[in-house]
Each structure stands twice: as C-alpha cells, then as structure tokens.
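Have a look at the structure below before the remarks.
These values consider heavy atoms only, across backbone and side chains, with no hydrogens, waters or symmetry-generated copies. By convention in this document, chain letters (A, B, ...) are assigned in the order of the sequence lines, proteins followed by strands, and residues within each chain are numbered from 1.
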Amino acid sequence: MKKSSNPFIRNPILQILQSKCKTLDTYQQAHAQIITTGLILHTYPLTQLLSAILSSTLPTSLSYALTIFDRVPNPTTYIFNTLISSILTHHNHHGQRTHLAFSLYNQILCIRAIKPNSYSYPSLFKACGSNPIWVKHGRALHTHVLKFLDPTEYDQFVQASLVSFYSKCGKFGVCRYLFDQISEPDLGLWNSILSAYNSSADDTGSSMEVLCLFSDMQRGSKIKPNEISFVALINACADLGAFSEGIWAHLYMVKNNLKLNRFVVTSLIDLFVNCGFLEFACQVFDELPKKDIFCYNAMIRGFATHGYGHEAIDLFNKLLLEGLAPDDVTMVLIISACSHVGLVDEGCELFYSMRERYGVEPKLEHYGCLVDLLGRAGRVNEALEKIRAMPMEPNAVLWRSLLSATRNHGNLEIGEVALEHLIKLEPETSGNYVLLSNVYADMNKWEGVKRVRRLMKDNGIEKAQGMSVVDV
DNA sequence: CTAGGGTTAG
C-alpha cells in the first residue's frame with residue numbers, strides 16, 4: 001500500500017535507469033529527460049539518477065554524479081545518504097573515497113535544515129572498519145549516533161554495523177556489550193556477533209563462543225540461521241577441529257536448502273582439510289559452480305598441507321586457465337608446494353615472475369618461500385644472497401629457515417650468520433645461543449664459544465635446563 | 001515514500 005504512494009515508481013524514464021543502461025550516452029539522455037520533464041526537482045527521481053550513475057562502470061561516473069549533485073539547491077538527508085552509501089559500495093576500493101563520504105556526511109551536519117538519520121551511519125561504519133586509518137573516525141561517529149539519533153531511530157542496522165566495526169578494530173568487549181543490550185536481535189545482528197567472535201580467532205575460546213552463540217540463537221528459535229551464520233559456525237568448527245559439529249552444519253544446510261555458496265564452501269574446505277578428510281573437501285570444491293580465488297586457495301592449501309604438492313600445482317594451473325588472478329596467498333601456497341615436492345626451478349621461476357605475470361608484489365612471506373625453496377635444495381649460499389638482497393628487513397622466520405637448511409646440509413659458516421641474526425632479533429630465546437655455541441664448537445672457534453657465553457650473560461639469559469652450552 | 005547492516009586463508 002505504502003509503496004504505491006510513490007508517484008514516480010512507474011515512471012518510464014526511471015525504469016530506463018533501473019534497467020541495464022550501459023553507455024554514458026544512455027545516462028546523459030536519461031539525465032536530459034529528467035531535466036526537461038522537471039523530474040530533477042523531485043528528490044526520488046534525482047536520487048535514482050545519481051545511484052544509477054554511481055553503480056555503473058563508467059570511468060567518469062563519480063565525477064558525473066558529483067556534478068549533478070553540486071547543482072541540487074536544497075539536498076535532503078535522503079540524497080546525501082544515497083550518495084554516501086553508493087560511493088562507499090561502488091567507489092571505495094582500497095578505501096580511497098572514505099574521505100569523500102565523510103565530507104558529505106559533514107555537509108549534512110552543516111546544513112541547518114537537515115540532520116543525519118539512521119540510514120546515514122551503517123555504510124560509514126562499514127568503511128571505517130575496513131581500514132585502520134579510519135578507526136578514530138568510526139569512534140567519533142559512534143558519539144554522533146548517540147547524539148543525533150533518538151532511541152527509535154537507533155535500529156538494528158545501525159547496531160549491527162557498530163558491532164561489526166568494533167570487531168574489526170579488535171574491541172570484542174565492546175561488541176559483546178552492544179550486543180547484550182539488544183533484547184531481540186535480528187538475524188543480521190546475530191550474524192555480526194558470530195562473525196565478530198569468528199575473527200578474533202587467535203584464541204580458541206572465541207571459536208567455542210561461536211558455537212555457544214549459535215545455539216543461543218537457535219534456542220530462541222525465532223531466528224533461522226542463514227548462509228552467513230553458517231560461515232561463522234563452520235569456520236569455528238574448522239578452527240576447533242570440531243568435525244561432528246561441522247558435519248551437522250553441513251547437513252543442516254543441505255536439508256534446509258541453504259545455498260552452499262563460495263563463502264560456505266571455503267569454510268567447509270577448511271573444516272575438512274583441518275579434520276583430515278581431503279576427499280570431502282575436494283567434493284564440495286568440485287560441486288561449487290562459481291569458484292573464486294578464496295576457494296582455490298583453500299583447496300590448494302588442503303592439497304599442500306596433506307603432502308599433495310603436484311595436485312596443488314595442477315589446481316594452480318586450473319585456476320589460471322579459468323582466468324582467475326592468483327593473489328599473494330596463492331603465491332605463498334604454490335611456491336611452498338613446489339618446495340615440498342622438490343620443484344626448485346619451477347618455484348624460483350614462479351617467484352621471479354610473480355610481479356610481472358600475476359601482478360603480485362613479493363612480500364616478506366614470499367621471500368620466506370624462496371629461502372625455504374633454495375635451502376631445502378641445499379643451495380644455502382644462494383639463499384643467503386637472496387636474504388641479503390631483499391628490499392625489506394628479514395625476520396626471524398626467514399633466518400630460522402636458513403639455519404635449518406645449514407643444519408641439514410652442513411654449512412657452519414652460514415649457520416653462524418643466521419644465528420647471529422636470530423640472536424639479534426630474539427635475544428630472549430636461549431636456544432639460539434646454545435645452537436650458536438655448538439656451531440662455534442664444531443668449527444673449533446673456542447673464542448666464539450666464550451663470546452656467546454658472555455653475550456648470554458649480558459642479555460640476562462640463563463642456560464635452559466637440560467641444554468648444555470659446551471664448556472671450554 | 002525512497003536509502004542502510006551481517007560472509008573469505010598462515
């Protein structure tokens with residue numbers, strides 16, 4: 001009933017906008033008609049035009065929309081809100097337009113006749129959560145919510161976006177506090193708290209918490225979990241290795257006709273891989289019609305961690321054939337898969353071509369793979385050269401990888417170099433001193449042994465029990 | 001009246 005009160009809903013010009021109009025020309029024609037018919041003076045048609053332009057793939061869409069907007073004499077909150085969320089959802093890759101969205105929000109505050117409403121906030125909180133630069137602004141925005149929204153406006157959308165925002169900046173206590181204040185959370189809110197505990201997965205307690213929350217949600221029985229809820233649940237099961245709970249989730253989804261979409265399948269692959277059922281992982285992977293890089297990465301990781309390096313590499317080639325772009329994670333997985341099956345040259349080749357061929361900038365982890373690759377193959381000198389030529393500071397993982405290569409292939413000199421660096425990076429780890437001392441002993445460098453003992457004393461390290469530093 | 005939230009790997 002209420003929808004029919006919108007007099008513009010069946011307007012043919014607007015219907016053209018809502019259909020697929022692809023070229024700039026089409027938008028300009030619609031724009032011209034909206035002006036000549038006077039529709040431009042009405043908020044709704046104007047907003048339709050703006051959001052159609054902003055959701056298009058035209059390279060000039062943002063500036064075009066802003067040009068139109070600049071000529072609007074008295075923009076309403078509704079227009080601002082649409083503009084803000086369209087910009088954030090369609091033009092905010094890498095967060096480069098968050099600033100623009102905030103300046104539009106500020107304009108709402110500056111215009112005396114209007115004020116923000118509950119639609120103004122969710123997309124802004126979402127943007128603030130996705131980039132640490134904007135966390136401060138998100139917190140400030142929270143105070144605005146309390147200041148400008150009256151309790152009836154403070155709805156589940158705003159609350160869900162707040163819970164999710166605080167979870168992305170690691171404030172899980174705040175998430176829980178906000179969530180517990182809500183007497184009847186809707187599905188979106190349940191999902192935001194489930195995902196919040198899901199992403200704090202550094203302690204297993206939070207995965208247990210996801211299982212508990214999930215059953216709390218079901219106890220009320222008013223709320224039916226959807227795909228998003230199950231992604232959180234299955235991820236938690238994967239983290240805990242809770243195979244039977246995971247299987248239950250999988251079966252529930254199938255029985256209740258929930259879609260095994262790419263998010264769900266990725267979490268199922270992790271579950272099955274972590275529980276040691278690689279065949280199940282393959283099965284859900286194969287049955288997924290539209291795979292993205294995340295699914296592939298999960299499946300490649302599955303093969304690689306179970307020792308199937310060649311299958312991992314085959315899958316990598318399949319992903320390329322499908323026209324998907326490998327990302328930095330793919331490259332880590334695939335280079336280390338090469339390393340594990342002894343395809344040293346192939347691995348090096350992948351490393352050296354990753355920037356040019358796949359557009360992935362080598363990061364510290366990739367150098368780690370390279371060092372591992374060369375080190376396992378006994379090319380210890382070469383590995384050291386690579387570490388020295390890296391554009392960033394090598395970390396302890398890298399030096400340790402080199403160290404273990406020197407131990408497997410008997411190279412005391414480079415072992416010494418690696419340990420010197422390890423001791424600098426981790427002066428607290430007594431084992432490093434012990435190993436270095438042993439290296440010196442093996443080399444008959446007794447003054448080295450003495451130096452290590454002095455170094456230990458200077459750094460306040462006691463000999464660990466059961467380990468002996470060679471006595472001179 | 002119209003608009004907004006909750007999903008992806010070491």
Per the atom types in the model, does the base of B:dG4 pair as donor or acceptor with the side chain of A:S118 at under 3.5 Å? yes
Report yes if the ring of A:F157 lies under 5.5 Å from the six-membered base ring of B:dG4 with planes under 30°, and no otherwise. yes
Within this structure, what is the CD1-to-P distance between A:I334 and B:dG10, rounded to whole angstrom? 16 Å
At under 4.0 Å between heavy atoms, what does A:T47 touch on the DNA or RNA strands: base, sugar-phosphate, or nothing? nothing
B:dG6 P sits how many Å from A:W190 CH2, rounded? 18 Å
Identify whether any heavy atom of A:L187 sits under 4.0 Å from a base atom; if not, whether one sits that close to sugar-phosphate; answer base, sugar-phosphate or nothing. base
Rounded to whole angstrom units, what separation is found between the CZ atom of A:F8 and the P atom of B:dA3? 14 Å
Of the nucleotides B:dG4, B:dA9, B:dT7, which one has an atom closest to the side chain of A:V329? B:dA9
State plainly whether the residues A:R262 and A:E227 are in salt-bridge range, i.e. N to O under 4.0 Å. no
Hydrogens and angles aside, do A:T98 and A:N92 bring a side-chain donor and acceptor to less than 3.5 Å of each other? yes
Atom OH of A:Y78 and atom P of B:dG4 are separated, to the nearest Å, by 9 Å
May I ask you to say what A:S86 touches in the nucleic acid, namely base, sugar-phosphate or nothing, with a heavy-atom cut-off under 4.0 Å? nothing
A:N6 side chain: which of B:dG6, B:dC1, B:dA9 is closest? B:dC1
For the side chain of A:K168, starting at C-beta, report the closest nucleotide among B:dT2, B:dG6, B:dG5. B:dG6
Tell me whether the OP1 or OP2 atom of B:dG6 has a side-chain N or O from A:K126 closer than 4.0 Å. yes
Lys/Arg-Asp/Glu bridge criterion (N-O < 4.0 Å) met for A:K290, A:E322: no
Give the rounded distance in Å between these two atoms: NE2 of A:H144 and P of B:dG4. 22 Å
Starting the side chain at C-beta, find the nucleotide from B:dG5, B:dG10, B:dT2 nearest to A:P122. B:dG5
Touch class at under 4.0 angstrom, heavy-atom based, for A:L162 against every strand present: nothing
Please confirm whether any donor atom in the side chain of A:D155 sits under 3.5 Å from an acceptor in the base of B:dG4, or the reverse. yes
Round to the nearest Å and state the distance from A:L319 atom CG to B:dA9 atom P. 17 Å
Output the single nucleotide from B:dG5, B:dT7, B:dA3 whose closest atom is nearest the side chain of A:N117. B:dA3
Starting from C1' on B:dT2, measure out to CG on A:L54 and report it in whole angstrom. 16 Å
Per A:I228 side chain, nearest of listed nucleotides B:dT7, B:dA9, B:dA3: B:dT7
Closest to the A:S192 side chain, choosing from B:dG6, B:dA9, B:dG5: B:dG6
Regarding A:K318 and A:D314, does a basic nitrogen lie under 4.0 Å from an acidic carboxylate oxygen? no
Could you tell me whether A:T266 contacts a base, only the sugar-phosphate backbone, or nothing, with contacts defined as non-hydrogen atoms closer than 4.0 Å? nothing
Regarding A:E227, tell me which of base, sugar-phosphate or nothing describes its non-hydrogen contacts under 4.0 Å with the strands shown. nothing
Measure from the ring centre of A:Y44 to the centre of the six-membered ring in the base of B:dC1, then say whether that distance is under 5.5 Å and the planes meet at under 30°. no
Check the distance between B:dG5's P and A:N81's CG and give it to me in whole angstrom. 11 Å
Quick check on ring-ring contact (aromatic ring centres under 6.0 Å, His included): which of A:Y105, A:F157, A:F80 does A:Y121 satisfy it with? A:Y105
Consider the side chain of A:S85, meaning its heavy atoms from C-beta on, and name the nucleotide among B:dG4, B:dG5, B:dG6 that approaches it most closely. B:dG4
Would you say the base of B:dG5 and the side-chain of A:D186 have a donor-acceptor pair closer than 3.5 Å? yes
Counting heavy atoms from C-beta on, name the nucleotide in B:dT7, B:dA9, B:dG5 closest to the side chain of A:A160. B:dG5
Pairwise distance NE2(A:H250) to CZ(A:F280) - rounded to 0.5 angstrom: 9.5 Å
Is NZ or CZ of A:K291 both nearer than 6.0 Å to the six-membered ring centre of A:F285 and within 45° of the ring axis? yes
Can you list the residues that meet the side-chain hydrogen bond (donor to acceptor under 3.5 Å, both in side chains) rule with A:D150, with sequence neighbours excluded? A:T152
DNA chain B contacts among residues 255-264 of chain A, heavy-atom distance under 4.0 Å: A:R262, A:F263
Does A:V163 reach a base, just sugar-phosphate, or nothing at all? Heavy atoms under 4.0 Å. nothing
With sequence neighbours left out, write down each residue that passes side-chain hydrogen bond (donor to acceptor under 3.5 Å, both in side chains) with A:E279, or none if nothing qualifies. none
